[in-house]
Every structure is written in structure tokens, then in C-alpha cells.
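Note sheet for the following structure.
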Number of protein chains: 2
Amino acid sequence: MPARPTMVDVARHAGVSQTTVSFVLNGRTDVPVAPETRRRVLEAAALLGYRPNRAAQDLKRGSSSVLGIVSNGIASHPFAGRMILGIQKAARAAGYVCMVVDMPDDEEGRDEAVRSLLDRGVAGLIYASPATVPVRQTETGVRVRTVFSGCWPENGEPGEAVILPNDVEGGRLAARAALDRGHRRIAFLGGTYQEQATVDRERGLDLACAEVGMAPEDVWRAYGDYSIDSGYRLARTAMAEDEFTALICGNDRMALGAVLALHELHYDVPGRVSVVGYDDQEELAEEMRPAFTTVALPHYEMGLLAGERLTSPPGSPTVPERILVPCPLVVRASVVPVSAPS
Amino acid sequence: MPARPTMVDVARHAGVSQTTVSFVLNGRTDVPVAPETRRRVLEAAALLGYRPNRAAQDLKRGSSSVLGIVSNGIASHPFAGRMILGIQKAARAAGYVCMVVDMPDDEEGRDEAVRSLLDRGVAGLIYASPATVPVRQTETGVRVRTVFSGCWPENGEPGEAVILPNDVEGGRLAARAALDRGHRRIAFLGGTYQEQATVDRERGLDLACAEVGMAPEDVWRAYGDYSIDSGYRLARTAMAEDEFTALICGNDRMALGAVLALHELHYDVPGRVSVVGYDDQEELAEEMRPAFTTVALPHYEMGLLAGERLTSPPGSPTVPERILVPCPLVVRASVVPVSAPS
DNA sequence: TTGAAAGCGCTACCAG
DNA sequence: CTGGTAGCGCTTTCAA
């Protein structure tokens, strides 16, 4: 197995100087190269299977073709992958590649992780999080292009952009999914109390109520922690409280918990009680019985946006942008028109 | 925001040559340096916040401190993250960092993705997959250390190691979870027919049967596709067939589907029917009602092993190793002793 | 139209 | 003990 051929090898093979090889391979139009020479170079390169050493290119150019992703919980979250996939899509299109480090829990480890990225001279940093939370930004001491996807800096500048899901709108859509089908005895099984996502989605609920002329106070509310288990407990509590016909859940996992509880209580879903989820979680929402009517978290798009931002020329936008990505409603089977009161 | 200081800057500040700075900072013991000089260098480095440029180091050394991860479905799979986390853990410990590319579906895109990693001079390649499947290895033309985690090469050499979960043993454990609690009317709701994981887990089931003196043929069997939905359908079919007291499912998602079906059929879980899952899926198995008794897929450990392999000195093992990582049984609430026959 | 030469930031050899 | 010097593989003046 031979070592990788270098530009010098190609030059030697083509009988030209290394400089010329560089010109040809970089397709520089400002430097005229004789067609015959160009052909020879291309041929030699192809023959040897030459591929430029990106590390060397980057070093010389003083710029880099690597994006650094600082991930907050790449593990366990099925979403994290989708966001990284979006980033990669943009990266690949621009000839970039991604380095990923997971944010360790301790502050020191996290700073070190970010620095390890900087030490490799990444072109930019993306703080990526599947949950909408504040993150501590590492003081780098050097200017590096930064964008936040799914999170925002609790300290320091917000970089070039903060990309967040439009959870208010998503919450509104989730509520409307039930409201529009005639449901008025509604319980809101929120996620973790006072977390940004929870607050936003609940605000959307209030908006939706106002839109259909229902008093927001008439919605029963309780909070869990986005786990299946908390959905289960909250649903039991709710149904003991009143004969709700629709449960609006903090996320799909809580919706799943709610379904489990409803089954135990012998309520048919969606026949007797409709359930709306949130997240459109991969391998869950669509596969459920009944399949969840839910709101999709646009992680892929968020990642795409973040990646595009950092791979596009430094450009003009000096004022950090705050981008709210739409969360579309996905209508499936878990919400049906309210049945006539028995 | 100043540019990153280089070694020359440190040297100037300390009033020594750049060479000396290199010696000191690399802590080379073979080259004696006067304590006073060393102190001055260290001081200057600290003052300037100097950090070596890894890209330059790697270029010079001709070796690299980056691991390339070729991920098969980093998206959607909650596991992928755990495996990458394991790889990262090993990587960090050795001063490495990871570049991740997701394997595109088309062959061409995939080869290009792998090459883009090689172009950056990664120290090694890890083909990582959350599902036990064969992958097409890219012909690189150059020798690069490779290990497979959760997959194996369907073409070419198996690299240094192929790391797989011990699904036979896992399947055995899953079956024993039911068998040991007296269950004998058992249905096996397998995953995708003839997929490696399915085959192995079923083999484990046969082993377990033999151990407790039950005829393997006495276990009812059917296959789905590892989705919630298929678990649901298979469970309905099974229960229409016979009065099973335990359902051994292909994975936790199928187990979830089975629970849903059982609820609909008004069978109490686990009171009337026990359910055993597989995967110990994050945010699912533990949060379920009842929490799943399941078998843990050791993705983190597999990643760790893969990472350690590639960050350890080239070493001796020339013969590719086949490593089977144990899948421990996690006992929770979804399996209980069989109730006295009514 | 082509090539010699100077580095990017770093390591490592060898002379002093 | 310390520092000059030669590169790693590449881009980019500047001359020929």
C-alpha cells in the first residue's frame, strides 16, 4: 500500500513544476496554462490517484475547511443526529467536514473540548443542542465565527446567529390541532416547568385559545419533565380531575406516557380522548398506535441553517441574527373530532 | 481579538529560540534545558495564552490526532450518539478529536465522504453503526488503520478489529428473564427476518430453552421490522394464536408496540403477560410503564473499544480481532413470575 | 506560459 | 544546554 502521492509526485510524473500542478489542480483562471500542459497534469494526477492534502492546504491558506460542533448531549437524544446531519449537509456542499465534541458536564472539560477544536483551527464553531437551553460559551481569546443552534449563550456575545425552533408557533399549532376539532375540555401536560420550550409552547396554547374564543384559564395545566413516566402520571392526575377530551402533551414521550395511562383507565385513544404530541420524534411518533398528531421540531433545518451560515463567506451580517425556524404540524391519527357529549 | 500566538511569539517573548520553545513545550526529556530557561518559556507561553497549532504539528509529524468516524445512520438512532460518545471518550483521553461523516445512501457519496476524511489525514477510520449490519468499505488506495464497530465489511479486509455486540448471549439472557420466572408459553416477536441481530438473538433463545429443558419448537415465532408498529401487530397475532404469558421482543420499540396491543386486548402487563425488550433504549426502556426488563446494547463500550484501538500505538496485533461485547440483562418491572394458570 | 523560492506553524536533526 | 536549519505538502508571489 503506497503512501499518498504528493503534488511533487504528480509534477514529476507530468514533467512540470509543482507550481504548475498547483495552478492546474486549483483551476486558476488568472494564470494561463497551456492546454497540453494542463492535460498532462490532469492525467498524471488521475493516474496516481492524487488527492490534495487538505491539512496542508488549510495550513498554508491560513483558513480551514473544518467546522467544529460543540454538542450538548449528542447521546441519548435521537434529535441530535438530525441536527448534525443538517450541519453536515451544508458542510459537504461547501467542501467542509465536521469535528464533533460532546460538551462534558464539567466546565473545565467543556472549555478544553472547545479549545481542542480551536487548536485544530476550525473555521467556525456551532454550539448545537437538541433541547432549547442556555449554554456557557467558552472564552476562546480568539475571534472565531460562532453560531448557536437550539441553544443560546448565557454569557458572552451571541456570535453570528442564534437559531431556535419557533415553539410559540408550534405550541399554537399543537393546540389548534385539538381546538379545531371541537375539543374544549383540554388538559395541557407541559414539560419541565419554566424551561424555555415549555414556556413557549404554553404561550402558543394561550394564543390558540384566544383565537378560537376560549378562555386560556379554562385549560387545565400541569408540568412534568418530558419523560414518558411524567406523561403517565400527569395524565392520570388530569383524568381524575375532569373528563378531558384532549391532552396536549409537552412532547411525544409524554404523549406516549399519557396513552399508557389512558389505556389503564380504559379510555379509548383517540376515540374517547385525543392526544397531541410534540417533536415528531423519529421512530416514535409515526410508529405509534395511534400514530401521533404532533408538531415537528425542525432540527435538520436548524442544522442546515447553522452549517450554511458558517460555510458561507464571512460576509456582511455584523449584527447577530436571531432565527426562528417554523415547527410544522404533522397531522396523523391521535387527534379526532370531539365526540358528541354522552 | 488578537490572532493566535505562535511559537515564534513565545520565543521572542522569552528571549530564546523557537527550537527551545518546542523542546520545553513538548516536555522532551532527551534534550536537557536549563531550569531557568524552561521557566521563562513556560511563563511566556502562559502569558500569551499560547496553544500549539495541532494542524501544523500533525503536518510536520506526518501523523494526525484526528479520528474519522464513518457513521451509518447517526440520525434517527438514539444509539448512534452513545457509540460516538464512547469513541470520543477514548479519543479525548489520548488527545485526539473526532471527525464524523454520515454515510450517504449512494455509494459514490459514501466513498467521497470517506475520502474527505482521508484528505484531512485522519489517523484512523471507524465504521460505526448502531445496527449490526454489513457495510461496504471504501477502497482508499492507502493504508489506514480501520476498525468496525457494530458492523462488518462486506468487502475488503476487516481492518484491525470488528467489534460487535454479543447478541447470542444477549438473546439467551432475554429468554432466561422469562424462562427463569416460570414462563413456558412464550412468543418470540423477532425483528427483521434474517438480519444478523435477529438471527443471533433467536439463537440465544434456543440456547436458553435447551438450558431449562424446554423444546425450542414450543416457542411461537414471528418476525417484524423492529418498529413499534410491527410489535403491535405481531403481539395481536400472537395473542390470537394462544394464551402466551410472555412476549420476547426484538427490541424495546417492538416491546412498546406489544404493550400497546396487550392493553387494547385488556391483558394486564406484566400481571397477565410479561414483556421483555432489547436495547435498553435511552429515554424509553427505563421510563416505560412498566419499566422494561431488557438487554442493554453496549454501544458506549463498543465505541470506547474502537476508540482505544485506534489511539493506541500501532502495536502488534496484525491479525484482525473479532470482539464480542457482552450485552447485560437489565431487570426491571415488565417481567414477573408467571401467575398460576387460571 | 512556466518555475524558483518563500513561507504557513511546527518538529527534529545537528552543530556549536 | 541552545539555536540554526531543513523540511511536512501546499499556495502564491515574482522572475524568467
Side-chain angles (χ1 to χ4, degrees), chain A residues 2-42 44-45 48-66 95 118-123 142, chain B residues 2-42 44-45 48-66 95 118-123 142:
Chain A
R4 279 176 80 95
T6 73
M7 239 179 205
V8 177
D9 297 323
V10 177
R12 206 171 5 238
H13 237 82
V16 299
S17 80
Q18 189 242 45
T19 308
T20 303
V21 176
S22 174
F23 287 158
V24 172
L25 264 26
N26 287 358
R28 291 186 47 162
T29 51
D30 55 329
V31 184
V33 174
E36 165 62 11
T37 307
R38 138 171 279 103
R39 199 191 55 68
R40 284 222 311 283
V41 170
L42 259 17
L48 298 180
Y50 171 77
R51 300 210 113 222
N53 179 327
R54 301 297 304 254
Q57 281 186 327
D58 287 354
L59 175 61
K60 179 62 199 174
R61 284 206 256 255
S63 72
S64 138
S65 56
V66 180
L118 260 17
D119 290 347
R120 264 93 181 174
V122 293
V142 295
Chain B
R4 281 175 79 97
T6 73
M7 235 179 209
V8 177
D9 297 323
V10 176
R12 207 173 3 239
H13 237 81
V16 299
S17 81
Q18 190 241 44
T19 307
T20 303
V21 176
S22 174
F23 286 158
V24 172
L25 263 27
N26 287 358
R28 292 185 45 164
T29 50
D30 54 329
V31 184
V33 174
E36 165 61 9
T37 307
R38 136 172 280 102
R39 198 191 54 69
R40 284 222 311 284
V41 170
L42 260 15
L48 298 180
Y50 171 78
R51 300 209 112 221
N53 178 329
R54 300 299 303 256
Q57 281 186 328
D58 287 354
L59 176 62
K60 178 64 200 174
R61 284 205 257 255
S63 72
S64 136
S65 56
V66 180
L118 260 18
D119 290 347
R120 264 93 182 173
V122 293
V142 295

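Chain letters run A, B, ... following the sequence lines, proteins first, then strands; residues in each count from 1.
A salt bridge links A:Arg4 and B:Asp119; the closest N-O separation between the charged side-chain nitrogens and carboxylate oxygens is under 4.0 Å.
For A:Tyr50, taking side-chain heavy atoms from C-beta onward, the closest of the listed nucleotides C:dT2, D:dT11, D:dC10 is D:dC10. Of the candidates C:dC10, C:dG3, C:dT2, the closest approach to any side-chain atom of A:Thr37 belongs to C:dT2. Closest to the side chain of B:Gln18, from the set C:dG9, C:dT11, D:dG9, is C:dT11. Listed nucleotides D:dT12, C:dT1, D:dG3 differ in distance to B:Thr20; the shortest reach to its side chain belongs to D:dG3. Among the nucleotides D:dG9, D:dT12, C:dT11, the one closest to any side-chain atom of B:Ser22 is C:dT11. For B:Gln57, whose side chain is taken as the heavy atoms from C-beta onward, the closest listed nucleotide among C:dT11, D:dC1, D:dG3 is C:dT11.
D:dT12 atom C1' lies 7 Å from atom CZ of A:Phe23, rounded to whole Å. Going from atom CG of B:Asp30 over to atom P of D:dT2 covers 14 Å, rounded to whole Å. In this structure, B:Arg28 atom CZ and C:dC10 atom P are separated by 16 Å, rounded to whole Å. The separation between B:Met7 atom CE and D:dG3 atom P is 14 Å, rounded to whole Å. Atom pair A:Leu59:CG and C:dC8:C1' shows a separation of 4 Å (rounding to whole Å applied). In this structure, the CZ atom of A:Arg54 is 17 Å from the P atom of D:dG9, given to the nearest Å. Atom CG of A:Asp58 and atom C1' of D:dG9 are 12 Å apart (whole Å). Nucleotide D:dT2 holds its C1' atom 11 Å from the CZ atom of B:Arg40, rounded to whole Å.
In terms of phosphate contacts, A:Thr6 brings no side-chain nitrogen or oxygen within less than 4.0 Å of OP1 or OP2 of D:dG9. Between B:Asn53 and C:dC8 there is no side-chain N or O to OP1 or OP2 distance below 4.0 Å.
At a cut-off of 3.5 angstrom, counting only N and O atoms as typed in the model, there is no donor on one side facing an acceptor on the other between the side-chain of B:Lys60 and the base of C:dG9.
A donor and an acceptor atom, one from each side chain of B:Arg28 and B:Ser22, are nowhere located under 3.5 Å apart. Counting only N and O atoms by type, the side chains of B:Thr20 and B:Ser17 include a donor and acceptor under 3.5 Å apart.
Taking the nucleotide of DNA chain D with the nearest heavy atom to each of B:Arg38 and B:Ala56, the more 5' of the two is matched to B:Arg38.
Among the atoms of the strands shown, none is found under 4.0 Å from any heavy atom of B:Val8. Residue B:Thr19 is in base contact, counting any heavy-atom pair closer than 4.0 Å across all strands shown.
Not one N or O on the side chain of B:Ser64 forms a donor-acceptor pair closer than 3.5 Å with the backbone of B:Asp58. For B:Asn53 (side chain) and B:Ala55 (main-chain N/O), a donor-acceptor pair under 3.5 Å exists by modelled atom type.
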